[in-house]
There are 2 protein chains.
Amino acid sequence: MHVRRPATLASLAAELGVSRTTVSNAYNRPDQLSPELRRRVLETARRLGYPGPDPVARSLRTRKAGAVGLLLTENLSYAFRDPAAIGFLEGLALACEDAGQGLLLVPANPEREDVAAVHRAGVDGFVVYSVPDDDPHLAAVLERPVPTVVCDQPKIENVDLVGIDDRAAVAELADHLIRLGHRRIGVVCMRLARDRNDGFVTPDRQRKAHFHVQRARLAALAESFGAVGVDWARVPVVERFDHNIACGASAAGQVLDRDPEITALICTSDILALGALQEAARRGLRVPQDLTVTGFDGIPEAERAGLTTVRQPVLEKGRAAGKLLLDIAEHNRPRSVTLGTELVPGTTSAAPRTAEERWFGP
Amino acid sequence: MHVRRPATLASLAAELGVSRTTVSNAYNRPDQLSPELRRRVLETARRLGYPGPDPVARSLRTRKAGAVGLLLTENLSYAFRDPAAIGFLEGLALACEDAGQGLLLVPANPEREDVAAVHRAGVDGFVVYSVPDDDPHLAAVLERPVPTVVCDQPKIENVDLVGIDDRAAVAELADHLIRLGHRRIGVVCMRLARDRNDGFVTPDRQRKAHFHVQRARLAALAESFGAVGVDWARVPVVERFDHNIACGASAAGQVLDRDPEITALICTSDILALGALQEAARRGLRVPQDLTVTGFDGIPEAERAGLTTVRQPVLEKGRAAGKLLLDIAEHNRPRSVTLGTELVPGTTSAAPRTAEERWFGP
DNA sequence: GTGAAAGCGCTAACAT
DNA sequence: ATGTTAGCGCTTTCAC
């Protein structure tokens, strides 16, 4: 018994006594040959176990991979637990699906410096989502001769950009709190760089944060509160490398231990804020009477909890990124898309109690 | 000014006056040439804007795409909101990452019969996750001459399988409820087929459900409760096409409207159960005193809510599927992996109140 | 350590 | 409607 080499388009053509073009046409241009011949081709293909044109060979020939690469430099377990990232992924996947394009998750583990996966990715373009500014994978992507869209990152020359205006969004939130009267605040934020730092953040680390989004949000807070006389250097800012409710709780605890007098706790994500709410409850602090808590993202669970937050269109971000990449239409000059956000005042923010009230009850 | 054709390995070799082999080696086998020559090659490459070997051409030559295809026949907006699916995706992505393989989401919209995307996918294997038994995309995958693993689906001959024992898991849950004394129950389940049916489910539809998982869970319930004398045909079973908390709530309402006397409401997912809890609260039903509610999956939010549920290792399922596909080691005979589940008795299940209690209070 | 030759499997002009 | 020709860009024996 001999091992039959898998059938190819050529062998099928030979078997049929027709040219390869004809077989190719049977698959790709049914109108180019008689229905009868096409039927014969397809039938013989089945008989020979020919699975249809090899996708890779076709890609090489047509110079189209039929897929978009997604570079997510985060630890996957981090990304897949971040509702914002999942929403983005959903939107991007939808855009790809609409265009009949695949979406390739490029294995770019932040721990490994190995950029080879970027080089190996057979894709027609890349979407880069929230990777640190200095990431080597990003550099590798930019060297590939395919269009690229970055999201939630600083603008890169000649590269399309999708994002929200984090500064403006946070400024709006800050104004809300400032108008309520908050001046003594604390902050809980997501990781600022690739190195783990679970604890307080120096102003220097804030400025140098590798993650553009967190950097922008902190900067906006510093600016807004600075403008009303808050000494930012005195504001406790606690960072968490991981992103889950438990981290939010413990970080909130750290802030409250440092300064029990704060009247508002600003979290840079809803997940962290949900944890902060837990911690407040655990300490017997009533929200919002004793403590105002805010989040960012506008995830469903947060809205259910009545969290004051900023809703950002995560799904639309993904969709916009995909469209930008796939709309060859006017793919000449680099484009930028900035999506809107919306302050969602919930039931977790209110005016701080006065000193009097604090002593004599509400 | 002329448009420079993009550099290729061959043109680079020509420019350098060396053979293509040498250039190839410079990238793929650094030990095969002198460091000095390699340096020259790489430098010239940079100068000419050569981005390194074309991934598609390399794939064609090496017969390796370096990626795994994922077939998710669900509407993407459905899949990306199902925590079980996301967990699976995370596990699979992790397994791929470990192996340095990409993960390609194949655009297989259930609405389109268009199977071409499956044919176009340049992958070394497929993972198929919870698609309906009769899905044409699945059929297309099985025709491709690459290894395949299916998950949360019926066994297919010659195809590796990963899953949990849904019947056993649900039987355990049913036993828990039966031991508590529940005999009058209602059920809320996820979509059973590709056609939308938001409402009551006939026994026939239950048996013929296209989604293996839901079918198995309902069958297990029918069997367990049937064994203690419950007439399954009388049990209200309500289906929801979409999968979110609001659907769970409205479906629960539908069940309760049909039979307000039920003492337990069994939901086939935690998301639906969370909605049921909302609806119970809205109606002033105390859980578990007035109504027992159970879920399935063991998602974090459910555990936070104290839901009685069945925890299934969603992440491990994904990881196992990936490993099965990528571990060429003993990839001879088809293999099956069945992962364990765990009943999590929460605070939403208790013995039903007796008729007396119902009238005279707890 | 380096090069020559031989395709991987396919599609797209351009004939006929 | 079908065939001929000419690669797509690369890797890999196997010689030198």
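Chain naming here is simple, since letters A, B, ... match the order of the sequence lines and numbering starts at 1 in each. Model, not experiment: these values are computed from the prediction.
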Bracket notation of DNA chain D in which parentheses pair within the strand, [ ] cross earlier pairs, and | pairs with another strand (Watson-Crick or G-U, under 3.5 Å): ||||||||||||||||
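Residue B:Arg120 contributes atom CZ, which lies 13 Å from atom C1' of C:dC10 at whole-angstrom precision. The nearest whole Å value for the distance from the CG atom in B:Leu9 to the P atom in C:dG3 is 12 Å. Rounded to whole angstrom, the span from the CG atom of A:Leu60 across to the C1' atom of C:dG7 amounts to 12 Å. Taking atom CZ of B:Arg40 as the reference point, atom C1' of C:dG1 lies 13 Å away to the nearest angstrom. A straight line from CZ of B:Arg63 to C1' of C:dG9 spans 7 Å, rounded to a whole angstrom. The nearest whole Å value for the distance from the CZ atom in A:Arg61 to the P atom in C:dC10 is 13 Å. The nearest whole Å value for the distance from the CG atom in A:Leu16 to the P atom in D:dG3 is 10 Å.
Within the structure, the salt bridge (Lys or Arg N to Asp or Glu O under 4.0 Å) test picks out no pair touching residues 19-29 of chain A (sequence neighbours left out). Within the structure, every pair that satisfies the salt bridge (Lys or Arg N to Asp or Glu O under 4.0 Å) test and touches residues 52-71 of chain A, not counting sequence neighbours, is listed here: A:Asp54-B:Arg63, A:Arg63-B:Asp54. Identified under the salt bridge (Lys or Arg N to Asp or Glu O under 4.0 Å) test for residues 142-152 of chain B, with sequence neighbours left out: B:Asp152-B:Lys317.
Ion pairing between A:Arg194 and A:Asp134 holds under the 4.0 Å rule for side-chain N and carboxylate O.
Taking B:Thr22 as the reference, B:Ser19 meet the side-chain hydrogen bond (donor to acceptor under 3.5 Å, both in side chains) condition, with sequence neighbours excluded. Listed by chain and number, the residues in a side-chain hydrogen bond (donor to acceptor under 3.5 Å, both in side chains) with A:Glu90 are B:Ser77, B:Arg81 (sequence neighbours excluded). For B:Asn158, the side chain to side chain contact (heavy atoms under 4.5 Å, CB included) partners are B:Pro334, not counting sequence neighbours. When the side-chain hydrogen bond (donor to acceptor under 3.5 Å, both in side chains) test is applied to B:Arg38, no partner is found at least two apart in sequence or on another chain. Among residues two or more places apart in sequence or in another chain, the side-chain hydrogen bond (donor to acceptor under 3.5 Å, both in side chains) test is passed with A:Asp82 by none. In terms of the side chain to side chain contact (heavy atoms under 4.5 Å, CB included) criterion, residue partners of B:Ser336 (sequence neighbours excluded) are, by chain and number, B:Lys155, B:Leu161.
When each of C:dC10, D:dT11, C:dC8 is scored by its nearest atom to the side-chain atoms of B:Thr62, the top-ranked nucleotide is D:dT11.
Proximity of A:Arg58 to the phosphate of D:dC8: no side-chain N or O atom is located under 4.0 Å from OP1 or OP2.
Annotation: cation-pi pair A:Arg319/A:Phe88 absent, no NZ/CZ under 6.0 Å from the ring centroid and within 45° of its normal.
Within residues 18-36 of chain B, the residues that place at least one heavy atom under 4.0 Å from DNA chain D are, in residue-number order, B:Arg20, B:Thr21, B:Ser24, B:Asn28, B:Arg29. A heavy-atom distance below 4.0 Å to DNA chain C is reached by none of the residues of residues 50-57 of chain B.
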